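As a basis for the values below, the full set of heavy atoms in this structure was taken, side chains included, without hydrogen atoms, waters or symmetry mates. Each chain gets a letter, A, B and so on, in the order its sequence line appears, and its residues count up from 1. In this text, all values refer to a predicted model and were calculated from it rather than measured experimentally.
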Protein chains: 2
Amino acid sequence: MEGNIESKFKAAVSVDNVIFGFDNNDLKVLLIYRGAEPYKDCWALPGDLISLDQDLEQSAENVLQNLTGLDNIYMDQIHTFGRVDRHPFGRVFTVAYFALIKIQDYMVKPSSWAEEAAWFPINEVPELPFDHMEILAYAKDLLKNKIRHQPIGFELLPKYFTLTEIQSLYEAILETQFDTRNFRKKLLSMNLIVDTGRQQKEVAHRPAKLYKYITKRYAQLQQSGFSFDL
Amino acid sequence: MEGNIESKFKAAVSVDNVIFGFDNNDLKVLLIYRGAEPYKDCWALPGDLISLDQDLEQSAENVLQNLTGLDNIYMDQIHTFGRVDRHPFGRVFTVAYFALIKIQDYMVKPSSWAEEAAWFPINEVPELPFDHMEILAYAKDLLKNKIRHQPIGFELLPKYFTLTEIQSLYEAILETQFDTRNFRKKLLSMNLIVDTGRQQKEVAHRPAKLYKYITKRYAQLQQSGFSFDL
DNA sequence: TTAAATAAGTGTATTTTGCACACTTTGCCT
DNA sequence: AGGCAAAGTGTGCAAAATACACTTATTTAA
């Protein structure tokens with residue numbers, strides 16, 4: 001390293017993840033219970049300081065991986081927060097990410113938790129430390145916008161899902177109601193999901209057909225100028 | 001400061017601005033000619049290291065202000081770049097911003113330049129150092145998406161503009177052609193711009209009407225569930 | 001076995017929006 | 001006065017969005 005950088009410019013940089021899940025018609029966020037200062041014994045967004053030999057993206061993935069044991073997850077950078085006084089121990093910038101996970105995949109192996117963690121319905125999140133409330137607000141907003149223009153809702157659903165499930169996912173996130181017939185017509189006309197021939201089991205009513213999302217299809221369609229919209 | 005942060009986490013953070021302008025039917029970017037190492041004597045995005053007592057947003061605004069003398073400019077955070085080896089002198093994260101300026105306002109007082117700077121048409125940008133090419137690509141992309149859903153195109157035009165000007169702005173950024181009649185119909189139906197009664201002067205053909213953008217109107221309409229789309 | 005309960009699934013008519021398309025007007029210049 | 005250059009303007013057709021209500025499949029309890 002030839003021309004070193006003056007220490008008056010040196011700050012810490014962290015990543016914070018807003019991890020979304022969907023379950024029982026509720027959009028949920030995964031929070032951790034802080035075991036160390038500052039803000040010990042508070043619920044907060046999972047995050048970590050970035051060490052100098054780690055790429056930014058990599059750090060965000062590591063936080064997720066350490067917490068959930070999951071890999072190959074949809075993640076997206078949200079925004080970077082850098083108020084001078086946002087951290088009580090010194091100057092810390094934080095780069096916020098969001099991740100969408102299939103909550104069912106995660107629930108089955110909670111033994112991998114490095115720290116105490118819990119899912120909170122998006123409207124029952126406790127007061128969060130630092131500027132995490134602001135980060136969460138940004139994340140919700142981005143999710144709302146993104147889900148209408150990109151087929152990312154499927155990341156929150158199990159591999160096989162019903163049309164009712166995806167509709168209520170959209171309704172939960174966008175905080176609106178859709179007409180069932182119109183919603184289905186539009187969704188199916190995009191040819192991104194297919195009927196698998198399977199059915200729901202063990203429900204106390206007419207079982208719904210199970211569909212799956214065809215990842216490749218979207219990539220193909222995009223070439224031809226197709227744009228997702230719901 | 002009670003619990004200090006270990007120095008193994010300390011990196012530098014900079015801001016880099018992608019400053020867009022529109023002139024002569026061309027979308028342009030403002031680049032500076034670097035007078036210092038690294039990459040001395042290269043054209044690059046204007047940027048600066050953030051000092052510890054400065055908020056992130058503030059730093060981005062300062063870079064713009066120092067370069068152009070302009071204030072109250074539309075700016076937006078794009079993305080943060082944090083590859084380990086992106087800077088040859090050490091670990092430097094950079095937060096990229098974009099700014100939209102009325103190029104005419106700027107052109108008249110180039111004396112305020114702190115460094116040598118020049119406008120480059122977006123398709124004639126020279127090879128840029130660091131990951132600035134990647135940053136520029138992100139910025140173009142964001143601009144393309146944003147301009148279709150938010151009335152930010154006006155930030156690139158003079159206070160009074162013609163319908164032809166705004167159409168060619170959209171055509172330049174989106175790299176498409178619009179039908180004049182349909183474009184005008186849609187734009188005018190949003191009630192965001194009004195005919196000022198003024199006219200173009202000193203053109204060798206029928207002078208066009210001059211319109212202006214009503215900032216307040218958009219805020220009002222948003223309340224009523226209106227969404228901008230072009 | 002039958003009836004009730006629950007959610008799944010399905011079609012049509014109307015309104016709105018998007019899109020294609022070509023000629024006339026205004027003012028300047030020579 | 002005639003030519004030039006860009007501004008400005010309306011209609012018809014096709015596609016998409018919206019509003020709207022009943023039938024079907026399965027489980028559970030009488």
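- With hydrogens and angles ignored, the 3.5 Å screen pairs no side-chain donor or acceptor of B:Y74 with any backbone N or O of B:L156.
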Heteroatom pairs (N/O) under 3.5 angstrom, protein to nucleotides 23-30 of chain C:
| from | atom 1 | to | atom 2 | distance (Å) |
| --- | --- | --- | --- | --- |
| C:dT25 | O2 | B:R206 | NH1 | 2.6 |
| C:dT26 | O4' | B:R206 | NE | 3.3 |

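- A donor-acceptor pair under 3.5 Å links the side-chain atoms of B:E165 to the main chain of B:T162, judged by distance alone.
- Rounded to an integer number of Å, the gap from CD of A:Q200 to P of C:dA8 is 7 Å.
- Nucleotide C:dG9 holds its P atom 18 Å from the CZ atom of A:F178, rounded to whole Å.
- Summary of helix geometry: the two end axes of the helix from C:dT1-D:dA30 to C:dT30-D:dA1, each defined by five base pairs via their C1' atoms, are inclined to each other by 0° (rounded to 10°).
- Heavy-atom distances under 4.0 Å link DNA chain C to no residue of residues 146-172 of chain B.
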Going 5' to 3' through nucleotides 9-18 of chain D and flagging B where a protein heavy-atom sits under 4.0 Å of the base, S where only the sugar-phosphate is that close, and - otherwise, we get BBB------B
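- A:D131 places no side-chain N or O within 3.5 Å of a backbone atom of A:E134 that could act as its donor or acceptor partner.
- Side chain of A:K102 to main chain of A:F154: a donor-acceptor pair is present (N/O by atom type, distance under 3.5 Å, no hydrogens or angles).
- With a 6.0 Å radius and a threshold of 12 heavy atoms from other residues, nucleotides or ligands, B:N72 has its CG atom at or below the threshold.
- For A:R148, the CZ atom counts as loosely surrounded, since its 6.0 Å shell holds 12 or fewer non-hydrogen atoms of other residues, nucleotides or ligands.
- Put simply, CE on B:M190 is 14 Å from C1' on C:dT17, counting in whole angstrom units.
- Atom NZ of B:K146 is surrounded by more than 12 heavy atoms from other residues, nucleotides or ligands within 6.0 Å.
- With sequence neighbours left out, A:N25 forms a side-chain hydrogen bond (donor to acceptor under 3.5 Å, both in side chains) with A:S168.
- For the 3.5 Å distance criterion, the side chains of A:Q222 and A:Y218 qualify, holding a donor opposite an acceptor.
- Not counting sequence neighbours, A:Q200 has no partner by the side-chain hydrogen bond (donor to acceptor under 3.5 Å, both in side chains) test.
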